[in-house]
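Structure first, then comments.
Side-chain atoms are counted along with the backbone in the values below, which use heavy atoms only and exclude waters and symmetry mates.
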Amino acid sequence: MSLFNTVRNTIVPVHKEGYPFVAAFFVASLILGWIFKPLFWIGMIFTLWCAYFFRDPERVTPQDDDLVISPADGKVSAIQMVTPPAELDLGSEPMLRISVFMNVFNCHVNRAPMRGRIVSINYRSGSFVNAELDKASDDNERNGIVIETRHGQIGVVQIAGLVARRILCWANINEPLDAGERFGLIRFGSRLDVFLPAGAAPRVSLGQTAIAGETVIAEFASAKGPVISRRS
């Protein structure tokens, strides 16, 4: 049983959004293998990569309303004060923006950075420039979510990247979200921006690797007690 448990705990489940893509890669591998046998193994490599891309691992999220948790796996690519996108309706004053860039090898399931209620969801079409570039926040296809939290409204923006062509968001307006709860997914390289009101202090550095649902990226000042966690 110990070997079985080890294997079970090692294998990360694939998110259901990835099933059609994994199946398509597998069928393509069979067809290519029928034409030329070595192509089957090349196709299987891409099939395994596709399954890896759509993985959906469990995460243990700190349950503390003063903490801001990373909404994505990837590299912290920006920490700066900027004016939030107009569609978020968060005002014209600069807010702390922390960006996490996801490459094609990162897990792309997106998670809520804080507990709260969804106030609005706004989708904007756009281009597909490299999501690491600062202008991607204004030019690229994006989906913005505003969450009412204990510390005020925060913005979470899903930004399509150079090869991303589909932003998925299964959250709805007026729904509650727990910190670390899954709310969306972006297919292939992309970026998440989190806009935070006054009182938030960064707890990450540029270039640091963040883990969705686990890494604390910012914190609101307060008297703090013990931190508890929730597995999801």
task = May I ask you to decide whether Asp56 forms a salt bridge with Arg182, counting only side-chain N to carboxylate O separations under 4.0 Å?
result = yes

message = Counting only heavy atoms from other residues, nucleotides and ligands, does the tally under 6.0 Å from CH2 of Trp170 exceed 12?
response = yes

query = Going hydrophobic residue to hydrophobic residue with side-chain gaps under 4.5 angstrom, can you get from Ile167 over to Ile121?
reply = yes

key: Pairwise distance OG1(Thr149) to CZ(Arg117) - rounded to 0.5 angstrom   = 11.5 Å

query = Sub-3.5 Å donor-acceptor pair from the side chain of Asp65 to the main-chain atoms of Arg150, do we have one?
reply = no

query = Quick one: are Val157 and Arg124 in side-chain contact, heavy atoms under 4.5 Å?
reply = no

request  = State, to 0.1 Å, how close Ile154 and Pro113 come at their nearest heavy-atom pair, and which atoms those are.
outcome  = CD1-CG, 3.8 Å

ask   = Got Gln208 and Thr215 here, is their nearest side-chain heavy-atom distance under 4.5 Å?
value = yes

inquiry  = In the structure I gave you, are the side-chain heavy atoms of Asn106 and Phe101 within less than 4.5 Å of one another anywhere?
reply    = no

Distance (rounded to the nearest 0.5 Å) between Ile186 CD1 and Ile159 CD1 = 8.0 Å

ask   = Between Asn110 and Leu192, is any pair of side-chain heavy atoms under 4.5 Å apart?
value = yes

message = Would Val119 and Ile173 count as a side-chain contact (heavy atoms from CB on, under 4.5 Å) here? Give the steps.
response = CA-CA 6 Å; Val119 176; Ile173 296 176; over 6 Å; no

query = Would Ile211 and Val194 show up in the same hydrophobic cluster when neighbours are defined by side-chain heavy atoms closer than 4.5 Å?
reply = no

message = When you compare the side chain of Phe183 with that of Val156, does any pair of heavy atoms fall below 4.5 Å?
response = yes

query = If we only count heavy atoms from C-beta on, is the Gln158 to Ser190 side-chain gap below 4.5 Å?
reply = no

key: Distance, nearest 0.5 Å, that separates CD1 of Ile145 from OH of Tyr123   = 13.5 Å

inquiry  = Looking at every heavy atom in both Pro85 and Phe195, which two are closest together, and how far apart are they?
reply    = CD-CZ, 3.4 Å

query = Roughly how far apart are Arg111 CZ and Glu181 CD, rounded to 0.5 Å?
reply = 9.5 Å

ask   = Taking the side chain as C-beta and beyond, is there a heavy-atom pair between Phe40 and Leu30 under 4.5 Å?
value = yes

query = Okay, side chain of Ser70, backbone of Ile217: is any donor-acceptor separation there less than 3.5 Å?
reply = no

request  = For Ser77 and Val100, work out which heavy atoms get closest and say how close.
outcome  = OG-N, 4.3 Å

From CA spacing to verdict: side-chain contact (heavy atoms from CB on, under 4.5 Å), Ile118, Asn172 = CA-CA 7 Å; Ile118 298 176; Asn172 297 300; 6.0 Å; no

query = If you draw a 6.0 Å radius around CG in Asp89, do more than 12 non-hydrogen atoms from other residues or ligands fall strictly inside?
reply = no

ask   = Can you hop from Ile79 to Leu196 via hydrophobic side chains spaced under 4.5 Å?
value = yes

query = About how many Å separate CG of Asp64 and CD of Glu219, when rounded to the nearest 0.5 Å?
reply = 7.0 Å

ask   = Does Leu48 belong to the same Ile/Leu/Val/Met/Phe/Trp/Tyr cluster as Phe105, with side-chain heavy atoms less than 4.5 Å apart forming each link?
value = no

query = Leu32, Ile45: one ILVMFWY side-chain cluster at the under-4.5 Å cut-off?
reply = no

note = Tightest non-hydrogen contact, residues Arg59 and Asp73, listed as NH1-OD1, 2.8 Å

request  = Could you give me the CA-CA distance, side-chain angles and deciding distance for Met81 and Leu96, then say whether side-chain contact (heavy atoms from CB on, under 4.5 Å) is met?
outcome  = CA-CA 5 Å; Met81 300 294 294; Leu96 174 63; 3.9 Å; yes

inquiry  = Measuring only between side-chain heavy atoms, which start at C-beta, is Glu214 closer than 4.5 Å to Val60?
reply    = yes

message = To the nearest 0.5 Å, what is the distance between CG on Asp178 and CD on Gln63?
response = 6.0 Å

remark   = Of all heavy-atom pairs linking Met114 and Val68, the shortest is SD-CG2, 3.7 Å

ask   = Looking at Thr47 and Ser29, what are the two nearest heavy atoms and their distance?
value = OG1-OG, 3.4 Å

request  = Go through the steps for Asp66 and His151 under the test side-chain hydrogen bond (donor to acceptor under 3.5 Å, both in side chains), then give the verdict.
outcome  = CA-CA 8 Å; Asp66 293 330; His151 295 280; 2.6 Å; yes

request  = Test Ile147 against Leu177 for side-chain contact (heavy atoms from CB on, under 4.5 Å), laying out the working first.
outcome  = CA-CA 8 Å; Ile147 304 173; Leu177 278 178; 4.0 Å; yes

